[in-house]
Structures are given as structure tokens and as C-alpha cells.
Amino acid sequence: MRRTKAFIPTTKEAPSDATLPSHIFLARAGFISQVAAGLYNYMPLAKRVIKKIENIINEEMTKVGAQEVELSFVTPADLWAESGRIEKFGKELLRFKDRKGNLFVLGPTHEEMMVDMVRNRITSYKNLPLNLYQIKTKFRDEARPRFGLMRGREFIMKDGYSFHANTQDLDREFDAMEAAYKKILTRLGLDFRVVEADSGAIGGSGSKELMVLADSGEDTIAVCSKCEYGANIEAASRSARGAIPEAPEAEFNKFLTPDTKTIDDLAEFFKVDPYYTVKCVAKRVVYEDESEIVLFFVRGCDNLQEVKAINATDALDIVDVTEEELAEIGLVPGFIGPLDQDKAKHVIDSDLKDAKDLICGANEKDYHFVGVDLGVISEVAYFADIAEVNEGDICPHCNGKLSFTKGIEVGHIFKLGTTYSEALKAEFLDENGKSQPFIMGTYGMGVSRLVAAVIEQHHDENGCIWTPATAPYMVNIMISNIKDEEQVAVGEKLYKELQDAGVEVMLDDRKERFGFKMKDAELIGFPYTVIIGKELVNGNVQIYTRNTKAKDAVAKDAVFEKVMELLS
RNA sequence: CGGGGUGUAGCUCAGUAUGGUUAGAGUACUUGGUUUGGGACCAAGGGGCCGAAGGUUCGAGUCCUUUCACCCCGACCA
């Protein structure tokens with residue numbers, strides 16, 4: 001492509017609302033343009049990158065036997081009613097009526113559609129397993145789209161669905177898909193981590209997220225320093241603490257503790273480590289048609305993990321409560337404890353099961369209990385893992401320490417089980433002629449989000465640094481001075497040679513100055529730029545490598561071979 | 001969905017408290033010239049329903065009402 005003919009509208013200034021590097025540089029370098037909130041046009045460079053990512057996904061999916069399909073973007077609302085998700089998704093579903101008044105939904109994901117296509121067509125265990133996928137635009141009317149391609153309302157996703165006769169086969173497929181996804185991200189040149197995820201609302205027996213590591217990621221993940229363990233903070237667990245601080249010595253007793261409403265006050269008052277205090281987090285737990293106040297107890301050194309708390313209570317949601325609401329049911333904020341108190345339901349963190357030497361609220365203003373042994377209620381109380389892991393906690397699989405890092409969720413693989421096949425009555429006959437619902441897996445990968453993720457992980461102050469597998473063009477030939485006939489001749493020759501060799505090459509033949517064209521090349525992020533400029537009087541050109549910023553002189557007659565060598 | 005902010009040239013923004021000739025700058029674009037190794041310089045140009053609708057006024061980018069859009073913080077996000 002000749003730069004003089006290419007539609008690549010680069011700008012010096014970033015859109016005023018862009019904050020993330022990927023958003024700023026993709027906009028400035030002429031990859032994307034915003035249309036409305038969460039809607040973007042992909043201009044030629046972005047389209048090329050997307051195609052490259054899609055090709056890699058297609059190749060790896062083909063290798064593991066998945067078949068590509070394409071389902072209608074517009075989906076009948078009836079299907080969503082059948083699965084019950086028209087309620088669950090709520091306003092995220094963009095609904096509209098056709099001329100006949102029938103209600104339709106723009107597909108935000110395609111479980112229903114895929115199950116509908118397969119049901120009554122695959123009816124025997126002999127035709128299982130089956131893995132179908134598509135790469136397609138999705139639409140979710142998010143309340144707050146942001147961060148450019150990272151979180152749009154319209155986005156491109158690869159979504160795959162597998163159908164199995166038994167759970168062992170689903171497990172096998174799940175592992176195969178994890179391996180394939182890892183291979184895709186490796187080929188794309190990304191630094192990533194597979195982490196355990198919360199399976200939450202959708203149910204199912206397990207899920208993993210593929211996280212591209214980047215500071216701007218919206219998810220916090222806990223990773224082990226020694227082994228492969230990694231988990232989303234919402235699902236991360238830890239093994240029992242190793243170095244336990246020295247226990248305070250005290251007989252069970254009630255103490256006057258005026259104005260010690262916080263854990264810090266309490267630990268200071270008794271001169272004990274917060275580990276031995278019991279923190280109460282009161283929340284309103286919301287169910288489908290009712291709600292109640294639940295008291296969550298964790299150690300003073302821990303914090304409540306809300307997703308875990310939701311799972312522990314089978315709630316739809318958890319919201320804050322005010323001191324007034326607590327006072328109404330006779331609770332005294334700052335002095336709430338799990339003993340001798342029946343005003344609200346309790347959930348106690350499993351780390352507190354049978355714990356001794358504790359200090360907790362006495363459910364009476366200005367009083368705490370000391371020397372508490374929770375063993376006395378271990379039979380009657382409800383214990384669950386509800387504490388958020390802390391940095392430095394011990395890995396649940398080895399003795400390594402957990403540390404936190406930020407990740408961009410680019411993939412999520414799920415063991416769905418029979419949630420959708422049951423709802424949609426999608427069944428097959430097993431070996432015994434018995435009707436069974438399909439056992440399903442679902443595998444998503446955000447294609448347009450990957451474009452952003454590459455840049456979040458690979459950029460510098462000057463712009464994009466595309467990895468070899470994602471670069472819209474591998475080589476940029478920059479003719480420094482377009483009025484210099486010799487430079488033009490050398491550039492045109494190399495351009496033709498590389499094109500003939502099948503290399504994706506851009507020829508910057510614009511009548512601009514050296515600095516302008518270099519800044520532009522760096523902003524766009526071509527892996528290599530061949531500079532044909534003032535070195536030519538010595539018979540040399542230079543190869544500029546984007547990620548190292550190195551400029552290496554090469555004899556003009558050797559440059560074609562040198563470039564081919566770099567690309568191989 | 002709660003709280004806050006912003007809409008003026010393709011882009012980034014002045015101008016709005018106190019209404020008053022023909023609405024500005026930078027950048028980008030066009031033309032000519034100079035320049036040619038890190039987003040050059042000079043000159044001349046083209047480009048605006050001041051988000052939309054209604055109102056107040058002799059007169060509205062500026063004041064009032066309504067509305068739409070976009071952004072930020074939070075909640076939400078299989």
C-alpha cells in the first residue's frame with residue numbers, strides 16, 4: 001500500500017475523553033473512530049489487525065475440531081423468554097420490533113440461538129461431541145461503555161459452544177479449549193495468565209478466565225509466585241495462614257471499650273494484632289422478591305469479598321445498609337459480634353471456624369468480648385469462604401506467596417452443564433435409548449478487546465508497538481526526501497520486491513519531512529521501518545525496529561534479504 | 001441507574017459571570033514558495049444553523065425553559 005493512497009487519518013492530538021493508551025493511540029493512529037457511546041468504526045488498519053486475529057483463532061479452532069458457523073445477529077425475543085434470560089439480561093438486551101410487530105433482540109451472546117439450531121438436529125449420542133463457534137459482532141447495551149475498544153456496546157467476539165453426552169467428555173473438551181486459547185494468545189504475542197473465575201450467576205461446574213496482564217486491566221487477579229495458580233480476586237482462595245501472630249492471653253470476659261468502633265481502635269485498645277479481632281460487615285442481601293440484613297464476620301485483618309458473599313447467600317445482589325437500618329433491628333454498629341445475638345442471619349468466614357483467643361463485639365454499646373472461642377458455635381453457625389485474599393497470603397496449591405496484578409479479561413471458558421439444554425429442551429438419546437439434555441460448554445474470546453489488549457501491553461510514549469502476529473503491516477518503507485530521485489528509486493524497488501515476496505508492506509511516499517514521517521510510523525507501530533535517507537550517499541539504508549528503537553545500517557543491496565531474514 | 005461535567009471549524013479549545021459591528025486561536029486541509037534526519041517556515045485561501053426546540057429582548061454563542069448527545073466517578077458487566 002502506498003501511504004499517499006491509504007486511508008489512515010492520523011492526528012497529533014488525542015480525543016479529549018480518551019484515557020487509556022490503547023484508546024488514545026488507536027484513535028490517533030487512525031485505526032478507529034467513535035460513532036456514539038461504545039460504538040466504533042474500524043478503519044483500514046484496525047480491520048487488518050482484526051482479520052489477523054480472526055485468522056489465528058480460526059486456525060487454532062480448526063485444529064481442535066471446532067466448526068465455524070454464523071448465526072443471525074437479530075434474534076427472536078421468544079428464545080430469550082424460553083431460557084428466562086430476557087429478564088436476567090434486562091436493559092442490556094437491545095429490543096425492537098419488526099414491521100409485523102414481532103419482538104427481536106440484538107444478540108449479546110448466542111447460547112440460545114446455538115442450542116436452538118442444534119436441538120432436534122443432533123438427536124443421538126453417536127453424533128456427539130460437537131463444537132460450533134462463530135466470530136461475530138455482539139451488542140450489549142451497557143450502562144456505561146468506556147475505554148475505547150476495551151468495553152464497547154458493540155464488539156466482536158468469538159463465541160463457541162460444545163455439546164456432550166457426559167461430563168467427562170465436557171471436561172476433556174474444556175481442557176482442549178483452554179490449551180487452544182493459550183496457543184492463540186501465545187501466537188498473538190501476549191503475556192497472559194489463565195485464572196480461576198467466579199462461576200456465579202450462570203452456574204455450571206467451573207470456569208476460567210484468560211487475562212492479559214496490563215496495569216490498566218479492570219480485573220484484579222491473585223497469582224502465585226511459585227506455581228501456576230492464578231485466580232480472579234472474586235474467586236481466589238488461600239491456604240491456612242503460616243505465620244500466625246502471637247495470641248493474646250485472656251479469659252473469656254466482657255470489657256468496657258468506649259469509642260472503639262473500628263478494628264484499628266480495637267487492636268490499639270487491647271494491643272493485639274487485628275488477626276485476633278472479628279470484623280462485622282453488615283449488608284442487605286437481595287433475593288428475587290425479598291431482602292434481609294445479613295452479618296458477615298471476617299477476621300479484622302481481612303476484608304469481605306462481595307462476590308463470595310453473594311455466592312454464600314445465594315443472593316442476587318448485596319447492598320450497603322445504613323446505621324439507622326441496623327439500629328432499627330437493635331444492632332449497635334461497631335459492637336456487633338457473632339455471640340448471643342439472633343437479630344440477623346450470620347455468615348462467618350471459614351478461617352474463623354474453631355478460632356480461639358478472639359475479640360469481638362458484645363452486641364452492647366461500648367462493650368466487647370475478649371478470650372472468645374468460636375468453637376462453641378462451630379456446630380450451629382454457617383461458615384463459608386467469604387474473605388478476600390490479601391497480598392502475601394499463601395497459595396492454596398503450594399507454599400508460594402500470592403501477589404496481585406491487573407488483568408484484561410480477553411477470554412472466558414465455562415463448563416455450562418445442562419442449564420440451557422434443559423431450559424430449551426435440547427435432548428439426545430443415549431446408549432440406552434434414554435432422553436438426556438446436552439451437557440454443554442461455552443468458550444468466549446473478545447476479538448475487538450484483544451486489539452486493545454495488544455496495545456495496552458505493547459506501547460510506549462510514541463504510540464503502538466504491534467506484535468508480529470498482529471501488525472497491520474510488517475514493514476514500512478520510508479523515503480526520507482521524496483524529491484531525491486535516488487531515494488525514490490531505491491524505495492520503489494524494495495517496495496516491489498517485498499510485495500512480490502508476499503510481505504505486508506507500506507510505502508511512505510508522502511511529501512513530508514523526515515521527522516513527521518518517523519513520528520507517524522512510530523504512532524502506527526509498524527514492527528520495522530526501512531529508512532531510505534541521507535545514508536544512501538554511502539550506499540546504505542537503515543532498518544528501524546519499533547520495539548527496540550534500534551536503527552541499524554544495511555547496505556542498500558542487502559536490505560531485501562535482511563528484511564526477509566527479520567520476518568522469518 | 002445515582003452523582004458530577006461538557007456540547008462553538010475535521011481535531012484540541014478560547015469567548016458565556018456583565019447580551020451589542022462581520023464568532024476567534026492552534027492544528028488539520030487547499031494553493032504558491034522556501035526547507036528536507038525527529039510532528040518545519042512564509043504568504044494567500046476554503047471551512048461554523050455556537051448540540052436541538054421553544055422563549056425573553058430592538059438585539060442571544062452569551063439569559064430562561066425543555067430536550068438530546070457525549071464524557072467522568074460509582075453501581076452494573078454470562
Side-chain angles (χ1 to χ4, degrees), chain A residues 9-20 23-24 27-30 33-39 80 83-85 88-93 107-112 114 138 140-148 150-153 155 157 159 161 197-204 207 209 218-219 232 234 286 306-307 310 316-320 409 411-417 419-420 440-444 446 449 462-463 478-484 487 510-524 529 531-537 540-542 544 549 551 553:
Chain A
T10 58
T11 64
K12 208 157 156 180
E13 283 184 280
S16 55
D17 45 57
T19 51
L20 289 192
H23 190 183
I24 292 170
R28 279 192 54 206
S33 74
Q34 182 168 7
V35 180
L39 307 181
W80 295 86
S83 70
R85 284 213 289 187
K88 240 179 229 168
F89 257 106
K91 287 190 175 171
E92 269 189 39
L93 289 181
T109 171
H110 278 178
E111 280 82 6
E112 284 83 353
M114 197 64 87
K138 301 285 184 287
R140 295 181 191 176
D141 199 0
E142 293 236 22
R144 188 146 110 79
R146 59 188 120 167
F147 303 141
M150 202 74 96
R151 188 194 260 284
R153 290 144 91 202
F155 57 98
M157 181 165 85
D159 49 323
Y161 309 85
D198 169 53
S199 304
I202 196 171
S207 82
E209 290 167 337
E218 289 189 83
D219 289 282
N232 193 309
E234 297 173 349
V286 182
E306 291 207 7
V307 173
I310 287 175
L316 291 179
D317 196 12
I318 281 189
V319 297
D320 289 341
E409 183 193 337
H412 198 163
I413 57 176
F414 239 106
K415 292 181 187 175
L416 266 185
T419 315
Y420 292 93
M440 293 180 59
T442 178
Y443 318 95
R449 182 179 280 185
N462 294 322
M478 194 262 270
I479 298 171
S480 180
N481 183 354
I482 204 74
K483 284 189 180 169
D484 183 321
Q487 289 184 17
R510 291 175 299 176
K511 183 180 171 297
E512 294 288 351
R513 309 178 105 228
F514 177 87
F516 182 90
K517 287 191 276 200
M518 275 305 284
K519 288 283 186 200
D520 212 51
E522 284 172 328
L523 177 61
I524 293 170
T529 293
I531 302 168
I532 299 170
K534 65 180 187 183
E535 295 277 314
L536 200 57
V537 294
N540 284 340
V541 300
Q542 287 163 304
Y544 172 78
K549 296 189 181 178
K551 276 183 201 161

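Labels below follow one simple rule: chain letters A, B, ... track the order of the sequence lines, proteins then strands, and each chain is numbered from 1.
Taking the side chain of A:Phe514 as heavy atoms from C-beta on, and the options B:C70, B:C77, B:G38, the nearest nucleotide is B:G38. The side chain of A:Arg85 lies closest to B:A78, out of B:U36, B:G39, B:A78. For A:Arg513, the listed nucleotide lying nearest its side chain is B:U36; candidates were B:U36, B:G38, B:C76. Proximity note for A:Arg146 (side chain, C-beta onward) versus B:A78, B:A75, B:G37: the nearest is B:A75. Relative to the side chain of A:Glu13, the nucleotides B:U12, B:G39, B:G37 differ in distance, and B:U12 lies closest. When each of B:G38, B:C70, B:U35 is scored by its nearest atom to the side-chain atoms of A:Gln34, the top-ranked nucleotide is B:C70. Distances from the side chain of A:Arg144 to the nucleotides B:G39, B:A75, B:G38 place B:A75 closest.
At least one donor-acceptor pair closer than 3.5 Å links the side chain of A:Gln487 to the backbone N or O of A:Asn481. Checking side-chain atoms of A:Arg146 against main-chain N and O of A:Arg151 turns up no donor-acceptor pair under 3.5 Å. Without hydrogens or angle criteria, A:Lys511 side chain to A:Ile482 main chain gives no donor-acceptor distance under 3.5 Å. Checked by atom type and distance alone, the side chain of A:Arg140 never pairs as donor or acceptor with a backbone atom of A:Leu93 at under 3.5 Å. Formation of a donor-acceptor pair under 3.5 Å by the A:Glu142 side chain with backbone atoms of A:Arg144 is not found in this model.
B:G2 is paired with B:C73 under the criterion used here, namely a Watson-Crick or G-U wobble arrangement in which both key atom distances are under 3.5 Å. When Watson-Crick and G-U wobble pairs are counted only if both distances are under 3.5 Å, B:U56 pairs with no nucleotide at all. For B:U62, there is no paired base (Watson-Crick or G-U wobble, both distances below 3.5 Å). Searching all strands for a Watson-Crick or G-U wobble partner of B:G7 with both distances below 3.5 Å returns B:C68. Pair assignment for B:A28: none, as no Watson-Crick or G-U wobble contacts are both less than 3.5 Å. B:C41 is paired with B:G33 under the Watson-Crick or G-U wobble criterion, all donor-acceptor distances under 3.5 Å.
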Let me see the working for A:Glu218 and A:Glu409 under side-chain contact (heavy atoms from CB on, under 4.5 Å), right down to the final yes or no. CA-CA 8 Å; A:Glu218 289 189 83; A:Glu409 183 193 337; over 6 Å; no
A:Met478 and A:Tyr544: CA distance, side-chain angles, deciding distance, side-chain contact (heavy atoms from CB on, under 4.5 Å) verdict: CA-CA 10 Å; A:Met478 194 262 270; A:Tyr544 172 78; over 6 Å; no
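By the 4.5 Å heavy-atom criterion applied to side chains, A:Met114 and A:Thr442 are not counted as neighbours.
Under the 90° criterion around 0 for the glycosidic angle, B:C42 counts as anti. Taking the syn range as angles within 90° of 0, the glycosidic angle of B:A75 is outside it, so the base is anti.
Map A:Arg153 and A:Glu218 each onto its nearest nucleotide of RNA chain B; the residue landing nearer the 5' end is A:Arg153. With RNA chain B read from its 5' end, the first of the two nearest nucleotides for A:Glu92 and A:Lys483 is the one closest to A:Lys483.
Within 4.0 Å of A:Asp484, counting heavy atoms only, lies no atom of the nucleic acid at all. A:Ala143 comes within 4.0 angstrom of a nucleotide base, judged by non-hydrogen atoms across all strands. Note on A:Met478: nothing from the nucleic acid sits closer than 4.0 angstrom, heavy atoms only. Across all strands, A:Ile482 comes closer than 4.0 Å to no nucleic acid atom at all (heavy-atom distances). Using a 4.0 Å heavy-atom criterion, one finds that A:Asn481 contacts the bases of the nucleic acid, with or without backbone contacts as well. Contacts of A:Pro15 with the nucleic acid, taken as non-hydrogen atoms under 4.0 Å apart, involve only primed sugar atoms and P, OP1 or OP2. Among the heavy atoms of the strands, none lies under 4.0 Å from A:Lys138. Counting any heavy atom pair closer than 4.0 Å across all strands shown, A:Arg28 reaches a base atom. Among the heavy atoms of the strands lying under 4.0 Å from A:Gln542 is at least one base atom, whether or not backbone atoms are also near.
To the nearest whole angstrom, the two C1' atoms, one in B:G48 and one in B:A9, are 6 Å apart. Rounded to a whole angstrom, the distance from the P atom of B:C11 to that of B:C50 is 16 Å. The gap from the C1' atom of B:G37 to that of B:G51 amounts to 45 Å, rounded to the nearest Å. The P atoms of B:G39 and B:A25 are separated by 25 Å, rounded to the nearest whole Å. Taking the C1' atom of each, B:U16 and B:G33 are spaced 41 Å apart, rounded to whole Å. When the C1' atom is compared between B:G47 and B:G55, the two are found 32 Å apart, to the nearest whole Å.
Contact record, A:Lys91 with A:Asp141: O-CB, 3.5 Å, taken as the closest heavy-atom pair.
The separation between A:Arg510 atom CZ and B:U36 atom C1' is 15 Å, rounded to whole Å. Put simply, NZ on A:Lys511 is 16 Å from C1' on B:G37, counting in whole angstrom units. Taking atom CD of A:Glu142 as the reference point, atom P of B:G74 lies 15 Å away to the nearest angstrom. Atom CZ in A:Phe516 sits about 8 Å away from atom P in B:A40, given to the nearest Å. Distance, A:Leu39 CG to B:A69 P: 12 Å, rounded to whole Å. Rounded to an integer number of Å, the gap from CD of A:Glu512 to P of B:G39 is 12 Å. Spacing between atom CG of A:Leu93 and atom C1' of B:C76 amounts to 14 Å, rounded to whole angstrom units. One atom, CD of A:Glu111, and another, C1' of B:A78, lie 6 Å apart when rounded to the nearest Å.
At a cut-off of 3.5 angstrom, counting only N and O atoms as typed in the model, there is no donor on one side facing an acceptor on the other between the side-chain of A:Lys534 and the base of B:U36. Between the side chain of A:Lys551 and the base of B:G38, at least one donor-acceptor pair of N or O atoms lies under 3.5 Å.
Within the structure, a side-chain polar atom (N or O) of A:Ser16 is placed less than 4.0 Å from OP1 or OP2 of B:C13. Contact between the side-chain N/O atoms of A:Lys91 and the OP1/OP2 oxygens of B:C1 is found at a separation under 4.0 Å. OP1 and OP2 of B:A78 both lie 4.0 Å or more from every side-chain N or O belonging to A:Thr109. OP1 or OP2 of B:C77 has not a single side-chain nitrogen or oxygen of A:Arg140 nearer than 4.0 Å.
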